[in-house]
Chemist: 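Sharing a structure, written as structure tokens. Questions coming.
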Amino acid sequence: MQFIQSRVFVILLILLFPRFALVAQVMEGWQASRETIDKLSQGQTDFNYEESKVPVYTLPELLTSNNGKKIIDQNDWIKIRRPELLELFTSQVFGRVPETPYKKSIRVVKVDPRAMNGLATLKLVDIDISSNSKSITIHLGLFTPNKAIQPVPAFLLICNRVPDNIDFTRQKKSEFWPAEEVIARGYAVAAFYNADVDPDVDDQFKDGIHGLLDKERTAESWGTIAAWAWGASRCIDYLVTDKAISSDKIAVVGHSRGAKTALWAGASDKRIAMVVCNEAGCGGSSLSHRKYGETIERINKSFPHWFCTNFRAYNNKEDSMPFDNHMLIALIAPRPLYVASADKDLWGDPRGQYLALYHSVPAYNLLGIACALPENMPPMNTPVISDKVAYHVRDGEHNLLLKDWNFFMDFADITLKKN
Ligand code: GTR
């Protein structure tokens, strides 16, 4: 049986029967296309897109504590390992939220019970945060399905693209936030614009929520991704109170920098019942030890405001990093988690994303979730779902599309709706 699954066997079959190549692709799972590899390699010669150049690496152990104790049961995970990992990603990657007191006021500024041609109710909710005589307002938009007879699960999108993508008037529609389609599937759908919380610019943390709450900044002060994750939690503060929503069934969805944010929000806020991490890549869902696509040095140089300053210590030091993103992903366990990649997004390293999810599974198993992922990636556009974890690699470019959302909702039908 093992021989039949082996690479040698598959290669032998292809040599003997060339038409077997197609079947082999399915058996072997997704592979980056040579055309995409060549195109990206030519454009960015400083970055690796060749699987053959991925170094031999050993991932830091998920289930061994900082002082070498084996983590063998739920209790060990909850009491020892999870807090350690949360602290590691707080102090070394995303940064610590300041303890500065602030005032929060939540105002429902508009209710339209006949939105989407009567299919949904729209609520516009302003979340005002003030401190030190400064304030910001997070504009949360929420549609709930009118045909629902009881509270429904909800998807909250952290929108990192222009606000047009989440047009609450629905004059402009975008696959990035396909609100009509989500409503049609019986879910509530909400979104906020990340720049309401903190503009995505390197301005030395003067604007956004940093301008309100930051005092002395240190190497472990929060960056912009942690600020967006904090903003997602302020939206959850409202969503858990809305009677049309099941407060214990709120999923957070993010794409790319928004997906790094969704993971960190899910890690930091246990009210988030499910995380959808679409193409987060470096600093989120891929494995830095693989040195494939975007690197830590590059992300820290291009986006110096995203992470805490301590993260820069790992520039070009991937081999000796005491953590990697399988550990970040494991912080979502035992809650449902969907990791998704795109075929042409080799910058974000689809295989690294799959492997990070794969190596987080022992944490799920320890918490009593019987999920198991195959070693090989699934073929393109074919989600693999195992209990509380799911993954797909979609055809096409780095983006968040209706096709992705449909897969996410199929997963939520099983994990959020049915129990
Ligand atoms: C890229 C960045 C990625 C990813 C992406 C995005 O430029 O290198 O890490 O976050 O932006 O957010 O679309």
Side-chain angles (χ1 to χ4, degrees), residues 32 36 39-41 43-49 89 93-95 157-166 174-177 191-202 208 223-229 231-232 252-267 275-308 311-312 314-316 318 321 324-325 328-329 339-354 356 393-394 396-401 404-405:
T36 313
K39 194 173 139 208
L40 291 174
S41 304
Q44 292 168 305
T45 46
D46 291 348
F47 298 94
N48 174 37
Y49 291 106
F89 281 91
V93 184
F94 298 103
L157 175 74
I158 301 164
C159 180
N160 58 289
R161 292 205 171 157
V162 289
D164 275 4
N165 284 293
I166 54 166
S174 151
E175 291 192 33
F176 201 73
W177 191 60
F192 74 100
Y193 181 40
N194 63 349
D196 281 356
V197 185
D198 191 29
D200 193 359
V201 285
D202 176 23
T224 293
I225 290 178
W228 294 335
V252 169
V253 183
H255 166 68
S256 206
R257 65 199 73 186
K260 305 179 212 293
T261 309
L263 271 179
W264 188 234
V275 171
V276 178
C277 173
N278 194 64
E279 302 161 31
C282 181
S285 58
S286 59
L287 289 178
S288 298
H289 280 75
R290 279 172 46 82
K291 300 191 188 170
Y292 188 106
E294 185 171 25
T295 61
I296 293 186
E297 183 191 39
R298 163 65 190 237
I299 205 167
N300 277 326
K301 287 207 166 136
S302 307
F303 307 100
H305 55 297
W306 280 2
F307 301 95
C308 71
F311 194 42
R312 298 177 196 171
Y314 304 99
N315 290 355
N316 294 316
E318 286 87 354
M321 273 172 75
D324 212 328
N325 288 326
L328 172 62
I329 289 176
V339 173
S341 316
D343 174 53
K344 294 207 161 69
D345 179 27
L346 302 187
W347 182 241
D349 188 12
R351 187 169 304 279
Q353 297 181 33
Y354 182 72
V393 52
R394 178 192 30 80
E397 304 288 343
H398 181 64
N399 205 346
L400 173 57
L401 300 175
D404 299 302
W405 278 95

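We count ligands from 1, going down the list as the structure has it; atoms in each ligand are counted the same way. Reckoned from all heavy atoms, side chains included, excluding hydrogens, waters and symmetry mates.
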Chemist: Under 3.5 Å, side chain of Lys344 to main-chain N/O of Gly396, donor-acceptor pair present?
Modeler: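 Such a contact is absent between Lys344 side chain and Gly396 backbone.
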Chemist: Tell me, which residues have any heavy atom less than 4.0 Å from some atom of ligand 1?
Modeler: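 Heavy-atom contacts below 4.0 Å: Ser256, Arg257, Lys260, Glu294, Ile299, Phe303, Trp306, Trp347, His398.
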Chemist: Using the ring of each side chain (for Trp, its six-membered ring), is Phe307 parallel, tilted or perpendicular to Phe94, with breaks at 30° and 60°?
Modeler: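 Taking Phe94 first and then Phe307, their aromatic rings sit tilted (interplane angle of 30° to 60°).
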Chemist: If you look at every heavy atom in Asp345 and Pro350, which pair is closest and at what distance?
Modeler: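 Taking every non-hydrogen atom into account, O-CD, 3.4 Å.
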Chemist: To check you understand the geometry: which heavy-atom pair defines the closest contact between Arg312 and Asn300, and what is its length?
Modeler: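 Smallest interatomic distance, heavy atoms only, reads CA-ND2, 3.5 Å.
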Chemist: Between Trp306 and Phe311, is the ring centroid distance below 6.0 Å?
Modeler: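 No, ring centres 6.0 Å or more apart.
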Chemist: How far apart are the closest heavy atoms of Glu279 and Ala342, and which atoms are they?
Modeler: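 In this case the closest contact between Glu279 and Ala342 is OE2-CB, 3.4 Å.
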